Number of protein chains: 2
Amino acid sequence: MKPITQNIQDYLKEIYTLTDGGEAASTTALAARLGIAPASVTGMVQKLAGGTHPLVNYRKHQGVTLTPEGKRAALEVIRHHRLLETYLVTMLGYSWDNVHEEACRLEHFISEEFESRIAVALGNPIRDPHGELIPTPELEMPSDESLALSALRPPQKAVIVRVRADDSALLRHLESLGLVPGAKIQAVEYSLFDHNLRIQVDEKLPIVVGSAISDKIFVVCNPL
Amino acid sequence: MKPITQNIQDYLKEIYTLTDGGEAASTTALAARLGIAPASVTGMVQKLAGGTHPLVNYRKHQGVTLTPEGKRAALEVIRHHRLLETYLVTMLGYSWDNVHEEACRLEHFISEEFESRIAVALGNPIRDPHGELIPTPELEMPSDESLALSALRPPQKAVIVRVRADDSALLRHLESLGLVPGAKIQAVEYSLFDHNLRIQVDEKLPIVVGSAISDKIFVVCNPL
DNA sequence: AATAAAAATTAGGTGTGACTAAATTATAGT
DNA sequence: ACTATAATTTAGTCACACCTAATTTTTATT
């Protein structure tokens, strides 16, 4: 039939995240994420949209979305990735800023048995070390009620549930500020002009974060 | 430079095991092990023997051996493979007949950090679940004093240290006979004609094994 | 509505690593 | 030493997934 190669998995994973907001993914955006030329994406996407069970929907100049099959395949890889990150941190002592690369490589090659065994060893976790939701074994993505920290306004309180970042340096920076899942936040001051937000993290001295940071941190306001 | 791809690693690994006995590896033998056509091997081997830092020594019709660089690369992969097998069995509950495939895939993709972390978690083991020696972190292969069970003669006693097999069905069979590393063996009877060996395993009722089995089991006669 | 700029696609080309078929070289038997 | 057979290599092809350059389509501006 049609083997889903490592490459194709990477395409599907990126298409998944790009189309998460509801919009179709443009070839250019995909190319940028994958670090390849737009023309190469066009070719690949045409291939993925062909055959009897296409993995993506594609019409010229209209962007790409996942078919149900493609979505399944994407969620499978994402589940692998997030379980791996969780395992590396929890069981092998990796730091949270260091797991992305390793998980990105291994996610394509672990078997279903490996997936299931590490999931069990971890107690079937729902979130990875960054708070990202882990798709269920049935490949359904749990719903996420969180909102961006950048939307928080004084004097709202919230708890960090998720940090959307792969970049090592950024993650280390966030950790040094205490901006990790579980941290309690109170918005202290908001500047309309530069979108800076002054927040208090876990009762410590307030800090100021710009939107480059606050856009990547997600919180819930009324945690149980 | 010259990236050592997954493919090349597989070549080097097979060349390592084929040249273990001292002989150069023939292209045909390599092709059989790798499951590809002999002609393909010739092409690949010519490439590997070229460049400034060749990974193999090769002369037409003379077979292939590893250069020091090639040997290092092979031992790196073999270390990955055997550490992975050990980790899968010890930490994730895999059965010994089921680890080969998984390790064969992952061995190419784990980082040095991963290698080192699982080695530490396992207490820097010297042998994998089949008793195969694990190259050291400095990529030296420990020496192995064992001899084939097929060379044992009544009334010699020995202990199994190593089982040279990847095949799942064979491994399950051996396990059911108690022929696993650590088992105590006494040779009871040897048939010169069919090379069958009757042995007693761990004080149980004697069993008869043919050379297809006894050639793959390695023992030491005078364990400390 | 015309046109400039941006986005996307087509066309043509590359390297990798496999393949088959044909030719060559080595080995073994008489 | 000769010849049949086996092993190996050469030659030529293919699919994959990328590339660059050129073209076409879309979009945004005036």
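In what follows, chains carry the letters A, B, and so on, assigned in the order in which the sequence lines appear, proteins first and then strands, with residues in each chain numbered from 1. As the structure is a prediction and not an experimental result, all values here were calculated from the model.
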task = Could you list the residues that satisfy side chain to side chain donor-acceptor pair (under 3.5 Å) with B:Tyr94, not counting sequence neighbours?
result =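 Testing B:Tyr94 for side chain to side chain donor-acceptor pair (under 3.5 Å), a comparison that skips the adjacent residues, returns B:Glu102.
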Partners meeting side chain to side chain donor-acceptor pair (under 3.5 Å) with A:Asp194 (sequence neighbours left out) =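 A:Ser191, A:Asn196.
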key: Qualifying salt bridge (charged side-chain N to carboxylate O under 4.0 Å, His left out) pairs, either residue in residues 87-98 of chain A, two or more places apart   =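 Qualifying pairs: A:Asp97-A:Arg172.
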query = Which pairs, with at least one residue in residues 32-49 of chain A and sequence neighbours excluded, count as a salt bridge (charged side-chain N to carboxylate O under 4.0 Å, His left out)?
reply =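 For residues 32-49 of chain A: A:Glu14-A:Arg33.
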ask   = Does anything in residues 124-151 of chain A pair up under ring-ring contact (aromatic ring centres under 6.0 Å, His included), and if so which pairs, sequence neighbours excluded?
value =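 Sorted result for residues 124-151 of chain A: A:Trp96-A:His130.
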query = Who passes ring-ring contact (aromatic ring centres under 6.0 Å, His included) against B:Phe109, sequence neighbours left out?
reply =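 Partners of B:Phe109 by the ring-ring contact (aromatic ring centres under 6.0 Å, His included) criterion, ordered by chain and then number, come out as A:Phe109.
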request  = Identify whether any heavy atom of A:Thr42 sits under 4.0 Å from a base atom; if not, whether one sits that close to sugar-phosphate; answer base, sugar-phosphate or nothing.
outcome  =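 If one applies the 4.0 Å heavy-atom cut-off, A:Thr42 turns out to touch a base.
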task = Taking salt bridge (charged side-chain N to carboxylate O under 4.0 Å, His left out) as the test, write out the residues that go with B:Asp144, two or more places apart.
result =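 In terms of salt bridge (charged side-chain N to carboxylate O under 4.0 Å, His left out), with neighbours along the sequence ignored, B:Asp144 is linked to B:Arg127, B:Arg162.
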task = Would you please confirm or rule out a distance under 4.0 Å between OP1 or OP2 of D:dA7 and any side-chain N or O of B:Thr27?
result =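 No.
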ask   = Would you call B:Ile217 and B:Val209 a side-chain contact if the rule is heavy atoms closer than 4.5 Å?
value =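 Answer no - side chains too far apart.
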Considering only nitrogen or oxygen atoms on both sides, find all protein atoms under 3.5 Å from nucleotides 23-26 of chain C and state each distance.
none

task = Please state how far atom CD in B:Gln9 lies from atom C1' in C:dT16, giving the value in whole angstrom units.
result =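 Atom CD in B:Gln9 sits about 16 Å away from atom C1' in C:dT16.
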task = Rounded off to whole Å, could you give me the CG-to-P distance for the B:Leu48 and C:dT16 pair?
result =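 Going from CG in B:Leu48 over to P in C:dT16 covers 12 Å.
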message = I'd like to compare against my own output: the B/S/- annotation of nucleotides 15-22 of chain D with a strict under-4.0 Å heavy-atom distance to protein.
response = --SSBBB-
